[in-house]
Amino acid sequence: MQKIVNPATGMLITELPDSDEAAVDDAVYRAHIAWSDWLRVSPGDRARLLRRFAALVEEHKEELAGLETLNAGHPISSARWEAGNVADVLGYYAAAPERQVGKQIPVPGGVNMTFHESLGVVGVIVPWNFPMVIMTWGVAPALAAGNTVVVKPAEQTPLTALRLAGLALEAGIPEHVFQVIPGDGRTGALLAEHPAVRKIVFTGSVEVGKQVARTAAERVKRVTLELGGNNANIVFEDADIRQAAASAPYAVFDNAGQDCCARSRILVQEGAYEEFRERFTEALLGVKVGDPTRDDTEMGPLISAAHRERVRGYLEREADVVGECPTGEGFWMPPMAYFDVGQEDPLWTDEVFGPVATVTPFYDEDEAIALANATPYGLSGSIWTGSVGRALRMAREVEAGNLSVNSNSSVRYWTPFGGVKESGIGRELGPDALDSFSDVKNVFISSE
Ligand code: NAD
């Protein structure tokens, strides 16, 4: 049984049984049977069903946001954005069934055509940090491309996934086309291993991602891996320091730092270091930490007591700046920053996944690039500069799948999202994700 807990209070919300081998097998078997039914639904009707699903999510936005706040501790304003993103992503991919077209390629001796064939059952394994959003990034393009989906939510945060599966049925998506099987890592491993699962979309830690990739390799399954990050926020002297410093806390402390795109390694050019330090300190101390159901809360609790212990394990010395946070029940931790952190510090080398920022000075572009890339990760990052040439040079040199210039945003559902190096394989969102949920079949018809 999994205890589902409200991280802001530590109170039990409910308990859910783990899906064992028989339950996983049953779900995958039903998804496999449902695949042929789903393929018989015409592209126009599949599009209509996905649009209806998106509309129902929009209608239930407040309920879904409230559920995510309850179960994951997200500030309600963030959770509302997340529920909106779920509706947007479903709506975006709803256009796909009617637009995914093959090619006719000129060849001698006949006609050559290509078809996009769906893969079959797709397993989507989800982490706890952005439960409904990350789940939807896998589910929406998979369904649009004609696959059926079995989702394994994180053991801590299954509530929005279960509710969304209910809304899909309500929208008219046939039974077993989209199923959710709660459980922990053992359930995830069973799903990844299942011979009838043709693709795994895994979002989570690098360590488990490597395990999933090894399992997938045994049966040559397709995989998309969205793994950890330890991202650089690079601030040059010629940037708008006021703006860079004011937005830097949000880029780390959003979701209490439990964000694979958190720009927790802040690199600041020497000439701007003191000004940045002063302004960033002031902004950090202004972060509103507390009851996530309040509209003005900016940072909620960590997901669990165990995760808070893990983050605390990194805090060998006292931070240079420490913000405020509630002291009662719940898995609270204040936002904090360490200045002048070197490359050997575990705070700098590891993905801490908590509300901890490091600030490190650099001298010039070459040093900034070397520092930014001195990590096995390569997910996202920001470059703050007033020079277009420098922005372009840096954007080409920093090893990351998603970079923003004079902005800390990483996610726009029209554009690809994913990592390089140990941050993952493949892309979610945008048109690229859709292509990864089908195989191209080539058919030649002889005219001789
Ligand atoms: P995790 O790897 O512990 O778990 C992720 C999911 O995998 C959970 O559902 C878990 O039950 C399941 N799982 C655990 N062991 C498994 C196994 N052996 N086989 C199959 N599934 C298994 O990660 P987490 O702690 O839930 O999430 C935090 C991590 O996720 C961080 O490293 C973060 O960077 C990463 N993340 C990455 C992205 C991205 O898009 N790159 C987005 C969000 C989170």
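Bear in mind the structure is a predicted one, so any value in this text is a computation, not a measurement. Counting starts at 1 for both ligands and their atoms, in listed order.
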Can you list every ring-ring contact (aromatic ring centres under 6.0 Å, His included) pair that touches residues 144-172, not counting sequence neighbours? none

Checking heavy-atom distances from atom 15 (N) of ligand 1 to each of Gly185, Gly188, Gly424, Pro153, the winner is Gly185

Between Ile200 and Leu191 the two heavy atoms that sit nearest each other are CD1-O, 4.1 Å

One should read off an interatomic distance between Phe362 CZ and Tyr273 OH, to the nearest 0.5 angstrom, of 11.5 Å

Check the orientation of Phe276 and Phe280. Use parallel for under 30°, tilted for 30 to 60°, and perpendicular for over 60°. parallel

Could an N or O of ligand 1 be found under 3.5 Å from any N or O of Thr203, whether backbone or side chain? no

At under 4.0 Å between heavy atoms, which part of Thr187 makes contact with ligand 1: side chain, backbone, both or neither? neither

May I ask you to identify, for Glu226, whether its side chain, its backbone, both or neither come under 4.0 Å of ligand 1 on a heavy-atom basis? both

For Ile134, which part has a heavy atom under 4.0 Å from ligand 1: side chain, backbone, both, or neither? side chain

Measuring from Arg390:CZ to Glu365:CD, what's the distance to the nearest 0.5 Å? 4.5 Å

Between Ala192 and ligand 1, find which residue part has any heavy-atom pair under 4.0 Å and reply side chain, backbone, both or neither. neither

For atom 41 (N) of ligand 1, is there a protein heavy atom at a distance under 4.0 Å? yes

Distance-only N or O hit between ligand 1 and Lys152, under 3.5 Å: yes

According to ring-ring contact (aromatic ring centres under 6.0 Å, His included), does anything in residues 137-196 pair up with another residue at least two apart or in another chain? List the pairs. Trp137-Phe417

Would you indicate which of Asn255, Val208, Val126, Val124 comes nearest to atom 6 (C) of ligand 1 when only heavy atoms are counted? Val126

Looking only at distances, can you tell me whether any N or O atom of Leu379, backbone or side chain, sits closer than 3.5 Å to an N or O atom of ligand 1? no

Is it true that Glu155 and Lys152 make a salt bridge, defined as a side-chain N closer than 4.0 Å to a carboxylate O? yes

Mind checking whether Glu351 contacts ligand 1 via backbone (N, CA, C, O), side chain (CB onward), both or neither, at a 4.0 Å heavy-atom cut-off? side chain

Is ligand 1 less than 4.0 angstrom away from at least one heavy atom of Trp128? yes

Any nitrogen or oxygen of Phe353, side chain or backbone, less than 3.5 Å from one on ligand 1? no

Please indicate whether any nitrogen or oxygen in Asn129 is less than 3.5 Å from any nitrogen or oxygen in ligand 1. no

